[in-house]
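These values consider heavy atoms only, across backbone and side chains, with no hydrogens, waters or symmetry-generated copies. Numbers for residues simply follow the sequence, beginning at 1. No experiment lies behind these values; they were computed from the predicted model shown.
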Amino acid sequence: MTRICFVIPSNPFDQYFVQLPLDAVTAAGQLRADGHAVAIWDQRLQDAPDTAEDDFDLLIAITAIADRAQCYPLELGPVAAAVERATARFPRARTLAVGAHPTHLPEATRAELGVDHVALGEVDSAAVGAVRSLTAGATDPVLTPDSGNLLASTGVRPYPPVPLEEFAFPAFDLVPVARYTAEVITGGLPMPGPCGMVLAARGCTYGCTFCHLPFGTRMRTQPHDRVMAEVEAQQAAGLEFVFFLDYVFGINKGFYRELCGRLKGRGLGWVGQTRAEIVLKNDVSEWAEAGCQGMWLGAESPAIADTGVHKRVTEQQVHDAVMKLRDAGITPFAFVLLGLPGDEACVSGRLVDWAAGMPAWFGINQLYLRPGTSLYDELAPALNGGVRPATWQEVQEVTRRYREEYPVDLDAQQRRLTELPNFLGNAIVPVG
């Protein structure tokens, strides 16, 4: 038996929401089923791990938990601080890092965090696989499975995803479930509130070049009984609202129709995320009847279809999807992305007027060139002296140079957007 503690770092996003570390509780459930003693130290909420154990054999740091994995930060400072805090408390423990960072720059991540080991792959599967390797006697700094395909960008094997139907039940009892938050809808308005998290399906079949897909491009659905058991466990812990992390809610009509049928009458409110085309192909009144109160759309820019990033969503489709959600009683939200290459709406400033006129709440991101995306592969070497970045500092510099060379001041445009009344940050008061 190995005594394991997952370490969840604090990060700047905590000022708005502290979302449930679903991948940590999933991995913990499987490792406990494997016979290990497991705890989770969520440093966003806990001064110390809530466990009777006075020591651990292994500390597992998650560099970007599930709700941040698609848009993971390039700055590893908060993770390094979490690792330092954990090792000061448990100095005899070995250390392992899993997440987007070790998956795409394993050696650089290990060096920057000062951990003993890193493992590549989906967080929960990489954690489970790495522990199995360590208990079998592995000592390599970069842990790998015995077989599998090499990741092209690193030349290292990631741990393969554990089949969803084979994962043990998540260890929700290891975290303070009722203390996690996200945007909930009250009286049609968004605000922070107690909220859980469910991942009914992993993957996204679309190929947007700027998007990091930690679960890959193949859709994998959980059994409906398992999804409902996770919902019920979070409701039993006191939550009346959950966020469906599925990247394209509704893409598989049959799967989601059955899911919505099972959610009806449970008194559960929920928010999800999807694409405009999927909204237009679905009867979203079924979502509303199942408790859906809000839905995020990847709107990005009115001119995104012309930017060459392989997202062919038109301005009209976004508008029609927003109106369809509103007509069904579902509060629409939109992701707005500044700085796409060749985005005439961003360069001209039309993007601001478009966002202002959108009958939806919106959130803002500036484009990051993230390892693990094809846009990064395309642009990063030229912004780094003709070679691929080898450290996270070099990765950050790539994005800095990209923004510096962009035809307009993206910071100034972001400030204009944050002044709009439908900017989500103006509706949500930061927590605490």
Would you confirm whether Tyr159, through its side chain, and Thr144, through its main-chain N or O, come within 3.5 Å as a donor-acceptor pair?
yes
Looking at His36, Gln30, Arg32, which hits side-chain hydrogen bond (donor to acceptor under 3.5 Å, both in side chains) with Asp34?
Gln30
For this output row, return yes or no: ring centroids of Tyr368 and Phe210 closer than 6.0 angstrom.
no
Once you measure the plane-to-plane angle for Tyr406 and Tyr402, does it fall in the parallel (<30°), tilted (30-60°) or perpendicular (>60°) bin?
tilted
Looking at Arg400 and Glu404, does any basic side-chain N land under 4.0 Å from a carboxylate oxygen?
yes
Quick one about Thr2 and Asp57 (side-chain donor to acceptor, distance below 3.5 Å, no hydrogens or angles considered), yes or no?
no
Could you tell me if the ring centre of Phe255 sits under 6.0 Å from that of His224?
yes
Under 3.5 Å, is there a donor-acceptor pair between the side chain of Asp23 and the main chain of Val123?
no
Residues in side-chain hydrogen bond (donor to acceptor under 3.5 Å, both in side chains) with Trp296, at least two apart?
Glu183
Between Arg110 (side chain) and Val118 (backbone), is there a donor-acceptor pair under 3.5 Å?
no
Is any NZ, NE, NH1 or NH2 atom of the basic residue among Arg266 and Glu232 found under 4.0 Å from an Asp or Glu carboxylate oxygen of the other?
yes
Geometric class of the His212/His104 ring pair [parallel <30°, tilted 30-60°, perpendicular >60°]:
perpendicular
I want to know whether Phe423 and Phe362 have ring centres closer than 6.0 Å.
yes
What do the steps show when you test Val79 against His101 for side-chain contact (heavy atoms from CB on, under 4.5 Å), and what is the final call?
CA-CA 10 Å; Val79 186; His101 303 84; 5.6 Å; no
Taking the side chain from Glu286 and the backbone from Cys260, do they hold a donor-acceptor pair closer than 3.5 Å?
no
Is NZ or CZ of Arg370 both nearer than 6.0 Å to the six-membered ring centre of Tyr72 and within 45° of the ring axis?
yes
State yes or no: are the ring centers of Trp287 and Phe244 separated by less than 6.0 Å?
no
